[in-house]
Number of protein chains: 2
Amino acid sequence: MAKTTLRADARRNTEKLRVAALLVFQEKGLHAPLDEIAQRAGVSSGTLYNRFGSREALIDAVVPELAAQSLGKVAKRALAERDPWDGFAGYVMGVCELQASCPALNDVISRRYASEQLTVICRVTEERERYIIERAQREGLLRADFTREDLLFVFWSTAMLVRHSADAAPDAWRRSVGFLLDGLRAGAAHPLPAEPLTRDQMEEVMFRLGEVGAI
Amino acid sequence: MAKTTLRADARRNTEKLRVAALLVFQEKGLHAPLDEIAQRAGVSSGTLYNRFGSREALIDAVVPELAAQSLGKVAKRALAERDPWDGFAGYVMGVCELQASCPALNDVISRRYASEQLTVICRVTEERERYIIERAQREGLLRADFTREDLLFVFWSTAMLVRHSADAAPDAWRRSVGFLLDGLRAGAAHPLPAEPLTRDQMEEVMFRLGEVGAI
DNA sequence: GGGTATCTTGACGCAAGCCTCAATTTACGT
DNA sequence: ACGTAAATTGAGGCTTGCGTCAAGATACCC
């Protein structure tokens, strides 16, 4: 039912809002107050709702492109790596770097906000990650009991670290990820104390993440 | 300036509030609504403020004992372990188990709420952890570049994981910690991509954690 | 340039959660 | 048993943020 033609001023406002939204989201994450976006666009909050209708729609109008591009670049670089371990490790570091460099991407990667478009991106990402993992495991470089679900937990950890140490110690996360990667090399493997998550469990966890508290 | 003698009803209410507070904090963490505590104690929110004056005071009246006892037990067990590596690994797992089993302890351990008493506990804990780490490093079992500040990051990661997967996958954190521990063995060590945090940086990060957003 | 459909505005209502304080109730000493 | 100091109450003010809507402003077509 979307109007196909907007009045000129409405179109202009839409554009101003997109620009402002991208700025604010990048700076403060996907839970940034919408009022601030409206204000930054020089427009009332009512207009924001008129143009987009909901936070989700606004995010979907602005963030997926950024996310797809950033994540795509990292994956591509990883796959271009000759050595599958270097590819894997580079991928992990690359994604964490995105998390550290941009609150909006951090929220996407750690699933703090789930929208339709972002979910699509996550699915694509999942495929690639499974491949990157498998490739490194096939050559016996990445430990065999590591799953893609485990990878998400890595990103969640980093999300937390980055959110709280971004200012005081912007490189702190690198150490943590460094330790972790050393634990993921096939040679380092010792038996794990728990079963991997099923995909359903993962869905459940992610579903809750998108919910209320967000925390 | 504290009144030394309370009227009988006030003393009773104080006790009811302590009980309720401990329950609610254990169940929901240290940011639980105070109104709920008052309600559970069968008392108005005004009374809670009359008796304790602030969330911080209420927490300090109730949580430190729990925290000191739990953390003490884990540390003791770790130090009783013959093998320093087992001691260290057991300590890490033990603390994470506390995080997983009790939101209040999770908040204490990951510094989501800083109060006077809790800060004292953290200081004691710090001493013990430095010792546990040093002991394992002295025998060349724990990698030499691991610091106590890094340990806090481990607990922060776990805090995040536990908070979001407690229901759907209560053991998920064990895998992550397992990977990490494998990366901490001396034999697994590869050069790290960043310097360890100074104590000042750590203070700064922790200070911010206690602040506003908490997230 | 006038009429109308479209768009914008910003004050408003809502919800949580915090904390306060005037009015009321209660315990306790005498 | 009564007076007073101590305690309790809960409505209400505060804040942040969301989302709405009647009234006013504006673009666009003729």
Side-chain angles (χ1 to χ4, degrees), chain A residues 1-21 24-25 27-61 103 107 112-115 210-215, chain B residues 1-21 24-25 27-61 103 107 112-115 210-215:
Chain A
M1 293 307 148
K3 288 286 312 267
T4 47
T5 320
L6 286 175
R7 233 170 64 178
D9 53 345
R11 221 171 322 119
R12 245 175 298 135
N13 283 336
T14 304
E15 199 42 44
K16 281 195 283 182
L17 280 166
R18 290 166 66 88
V19 171
V24 173
F25 285 146
E27 193 173 300
K28 305 210 170 177
L30 302 185
H31 289 277
L34 294 188
D35 285 350
E36 186 175 335
I37 294 176
Q39 204 180 328
R40 208 125 24 133
V43 135
S44 86
S45 72
T47 296
L48 189 155
Y49 282 96
N50 281 342
R51 297 292 109 245
F52 291 94
S54 70
R55 165 178 241 106
E56 174 159 343
L58 179 55
I59 289 177
D60 266 358
D107 286 344
R112 240 156 75 97
Y113 200 95
S115 74
E211 292 294 288
V212 276
I215 304 243
Chain B
M1 296 300 148
K3 285 290 309 277
T4 47
T5 320
L6 285 177
R7 234 170 60 178
D9 53 343
R11 222 172 321 118
R12 246 175 297 136
N13 283 337
T14 304
E15 199 42 43
K16 283 195 281 182
L17 280 166
R18 289 167 66 89
V19 171
V24 173
F25 285 145
E27 194 174 301
K28 306 210 170 177
L30 303 184
H31 288 278
L34 294 189
D35 286 350
E36 186 176 335
I37 294 176
Q39 204 181 328
R40 238 211 267 168
V43 133
S44 86
S45 71
T47 296
L48 191 155
Y49 282 96
N50 281 343
R51 297 291 110 244
F52 292 94
S54 71
R55 163 177 243 110
E56 174 158 342
L58 179 56
I59 289 177
D60 265 357
D107 287 343
R112 241 157 74 97
Y113 200 95
S115 74
E211 291 297 286
V212 276
I215 302 244

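In what follows, chains carry the letters A, B, and so on, assigned in the order in which the sequence lines appear, proteins first and then strands, with residues in each chain numbered from 1.
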To the nearest 0.5 Å, tell me how far [X] [atom1] sits from [Y] [atom2].
| X | Y | atom1 | atom2 | result |
| --- | --- | --- | --- | --- |
| A/Leu17 | A/Ile37 | CG | CD1 | 8.0 Å |
| A/Ser115 | A/Asp60 | OG | CG | 3.5 Å |
| B/Asp9 | B/Thr14 | CG | OG1 | 9.0 Å |
| A/Phe25 | A/Tyr113 | CZ | OH | 8.0 Å |

Problem set entry | Ion pair check, A/Arg12 and A/Glu15, cut-off under 4.0 Å |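 The answer is no: the pair does not qualify as a salt bridge.
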
Problem set entry | Basic-acidic side-chain contact under 4.0 Å: A/Arg40, A/Glu36 |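 Between A/Glu36 and A/Arg40 there is a salt bridge, with a charged N closer than 4.0 Å to a carboxylate O.
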
Exercise. Side-chain N or O of A/Thr47 less than 4.0 angstrom from OP1 or OP2 on C/dT9?
Worked result: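 It does, given that an N or O in the side chain of A/Thr47 lies less than 4.0 Å from OP1 or OP2 of C/dT9.
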
Could you state the atom-to-atom distance from [atom1] of [X] to [atom2] of [N] in whole Å?
| X | N | atom1 | atom2 | result |
| --- | --- | --- | --- | --- |
| B/Glu36 | C/dA15 | CD | P | 18 Å |
| B/Lys28 | C/dA16 | NZ | P | 12 Å |
| A/Phe52 | C/dT8 | CZ | C1' | 15 Å |
| A/Gln39 | C/dA11 | CD | C1' | 16 Å |
| A/Leu17 | C/dC7 | CG | C1' | 13 Å |

Exercise. How does each nucleotide of nucleotides 22-30 of chain C score, in 5' to 3' order, for protein heavy atoms under 4.0 Å: base (B), sugar-phosphate only (S), or none (-)?
Worked result: ----BSS--

For this session: Do nucleotides 14-23 of chain D as a string where each nucleotide becomes B, S or -: B if the base has a protein heavy atom under 4.0 Å, S if just the sugar-phosphate does, - if no protein is that close.
Result: ---SSBB---

Identify every side-chain donor-acceptor pair in residues 46-53 of chain A under 3.5 Å, counting partners at least two apart or on other chains, and give the distances.
none

Exercise. Checking A/Asp107 side chain against A/Leu30 main chain: does a donor-acceptor pair fall under 3.5 Å?
Worked result: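 Yes, the answer is positive, given that a donor and an acceptor are paired below the 3.5 Å cut-off.
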
